[in-house]
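Each residue takes its place number in the sequence, starting with 1.
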Amino acid sequence: MRSLRLALVAVLTLMFVAAPAQAVNGTARSAPTFNGTVYAIAYRGSTVYVGGSFTKASWGGRTYPRLRLAAFDARTGELLGWSPAADSTVRALAATAGGVYAAGYFHSVAGQKRDSIAQLDPVTGAVGRFNHAVDGTPYALAAGNGRLYLGGSFTAVNGSKRRNLAAFSLATGRLDRAWRAHADDRVHTLAVTGAQLFLGGAFHKVNGVSSTLRLAAVSGRTGVLDPYFRPKVTAEVNAIAVDGSRVYAATGGQGGRAVAYNALDGSMRWQRVFDGDAVAITTLNGVTYVGGHFDRACLTPRNGPQGTCLDGSMPRVKLAAMTGAGRLTAWAPQANGVIGVRVLSANPAGTISAGGDFTTIGGAEHPRFAVLTGSA
């Protein structure tokens, strides 16, 4: 019986592990590091913007004050002078042609009063006129369709009822009063593709409609619910990414999962189970990258208490990658820490940025942030 089980594990390993050339190679490039948690990453051209709870950034052997917001050159890794100071944690960032938007727990940025959400000049860091009062806590930002979308745990914006979702005009900065999508519980994550806005979180209903549990899609232009996208999600959604005809979700639960869904109807394409929560997810060149609290990737979807893999596993400490068919690749940069990775973002130039609570990647010192290089 033991020999049969070992043979089964060997077969499953061959089935679920693909060639490493399909993923970035995991080598960390030069980039700033931080003295506190990194929650948010956004790209704008060759500039990378970072948000979190940190108060200092380190680069080139020196330490610089950076109060919860920072930026660096994606080509060289050099820390830039961009340093608008937020008085509390930044949880989300979105970069557009017109500026960089930040959301979080703060009440002032660069000495200007801003309640939980602000617009910043992408070069100088100066605070824009965009100014709104949010009753609650923002967790997510996304931009598209001429709008900035906000998700979180809030009840109103500027005194107007908005339940966990809101949209603003990028042209005028005003609250879009016609866009009235809403969710009955927390929205953790947002992603735009074309005219659709995908949202994930802890909610049970979107726009009052059942069967929209934890992952749903609405029109980015009107807020009307997509009647066809109906995925079956078994646990709270922590992060989502979109890539062509697929939507990818990182979830918690009994262990964590990275799941690929058909963007049209929500049918499952594949899933990968881990022994801890999946918290971050992104895609690049057909490969899906996931980060979180896990230490191992299960060889089958079966797991038990505390996420224990029941049919064998492969070590993947806080970071893993899957092919377009859902097979585990050999990419394994290995971050440390209990919480591990909180956010992943893909640069079209071919790198993956990781942020969180880790202090090492592959055994080398990279406190709370690392840029992982692309394969040849």
Does a sphere of radius 6.0 Å around CZ in Arg221 hold more than 12 heavy atoms from other residues, nucleotides or ligands, not counting ones at 6.0 Å or beyond?
-> no
Sub-3.5 Å donor-acceptor pair from the side chain of Trp82 to the main-chain atoms of Asp121, do we have one?
-> yes
Yes or no on side-chain hydrogen bond (donor to acceptor under 3.5 Å, both in side chains) for Ser160 and Asn158, after CA distance, side-chain angles and deciding distance?
-> CA-CA 5 Å; Ser160 178; Asn158 301 338; over 6 Å; no
Between Arg163 and Asp184, is there a side-chain N and carboxylate O pair less than 4.0 Å apart?
-> no
Does Phe229 reach the side chain of Leu215, with side-chain heavy atoms less than 4.5 Å apart?
-> yes
Do Arg368 and Thr33 come close enough that some side-chain heavy atom pair is under 4.5 Å?
-> no
Taking atom types as modelled, find out whether Ser46 and Asp73 have a side-chain donor-acceptor pair closer than 3.5 angstrom.
-> no
According to the interplanar angle, ranging from 0 to 90°, do the rings of Phe168 and His132 count as parallel (below 30°), tilted (30 to 60°) or perpendicular (above 60°)?
-> tilted
Any sub-3.5 Å donor-acceptor pair from Asp115's side-chain atoms to Val134's backbone N or O?
-> yes
May I ask you to decide if Val157's main-chain N or O and Arg162's side chain share a donor-acceptor pair within less than 3.5 Å?
-> no
CA sep, side-chain torsions, deciding dist, call: Phe369, Phe54, side chain to side chain contact (heavy atoms under 4.5 Å, CB included) | CA-CA 11 Å; Phe369 188 84; Phe54 53 83; over 6 Å; no
Is a side-chain N or O of Thr96 found less than 3.5 angstrom from the main chain of Gly99, in a donor-acceptor match?
-> yes
Between Tyr43 and Ser353, do the side chains contain an N or O donor and an N or O acceptor separated by less than 3.5 Å?
-> yes
Heavy-atom nearest pair, Val90 first then Arg68, reads CG2-O, 3.6 Å
Test: Lys318 and Asp295 ion pair at under 4.0 Å = yes
Pair Ser58, Thr63: side-chain N/O donor-acceptor within cut-off below 3.5 Å | yes
So do His293 and Ile339 actually touch side chain to side chain, heavy atoms under 4.5 Å?
-> yes
Is there a donor-acceptor pair closer than 3.5 Å between any side-chain N or O of Asn164 and the backbone N or O of Phe154?
-> yes
Output, in order, the C-alpha distance, side-chain angles, deciding distance and verdict of ring-ring contact (aromatic ring centres under 6.0 Å, His included) for Phe198 and Tyr261.
-> CA-CA 12 Å; Phe198 290 91; Tyr261 299 97; 10.0 Å; no
Under the 3.5 angstrom rule, does the side chain of Thr212 hit a backbone N or O of Ala216 as a donor-acceptor pair?
-> no
Within a strict 4.5 Å, meaning less than it, do heavy atoms of the Val187 and Tyr139 side chains meet?
-> no
Using atom types as modelled and distance alone, determine if a side-chain donor or acceptor of Thr308 lies under 3.5 Å from a backbone N or O of Pro305.
-> yes
I would like to know whether Val341 and Val279 meet side chain to side chain contact (heavy atoms under 4.5 Å, CB included); could you show each step before the answer?
-> CA-CA 7 Å; Val341 175; Val279 177; over 6 Å; no
Report yes if some heavy atom in the side chain of His182 is under 4.5 Å from a heavy atom in the side chain of Asn207; otherwise report no.
-> yes
Val371, Leu69: one ILVMFWY side-chain cluster at the under-4.5 Å cut-off?
-> no
Report yes or no: does Thr189 contribute a side-chain atom to a donor-acceptor pair with the main-chain N or O of Ile240 at less than 3.5 Å?
-> yes
Do the side chains of Leu93 and Leu120 join up, straight or via other hydrophobic residues, at under 4.5 Å, putting them in one cluster?
-> yes
Would you say the side chain of Leu141 lies within less than 4.5 Å of the side chain of Leu150, judging by non-hydrogen atoms?
-> yes
Can you tell me if Ser169 and Asp176 form a side-chain donor-acceptor pair at under 3.5 Å?
-> no
Any sub-3.5 Å donor-acceptor pair from Tyr49's side-chain atoms to Pro122's backbone N or O?
-> yes
Closest contact, heavy atoms only, Arg147 versus Ala167 | CD-CB, 4.3 Å
Considering all heavy atoms of both residues, which atom of Ala86 and which atom of Phe106 are nearest to each other, and what is their separation?
-> CB-CB, 4.2 Å
Among side-chain atoms of His107 and Asp87, is any donor-acceptor pair under 3.5 angstrom?
-> no
Tell me yes or no: between the side chains of Thr89 and Arg91, is some donor less than 3.5 Å from an acceptor?
-> no
Side chains of Trp270 and Thr288 in contact at under 4.5 Å (non-hydrogen atoms) | yes
Counting N and O atoms only, with roles assigned by atom type, does the side chain of Asp275 sit under 3.5 Å from a partner on the main chain of Arg296, one being a donor and the other an acceptor?
-> yes
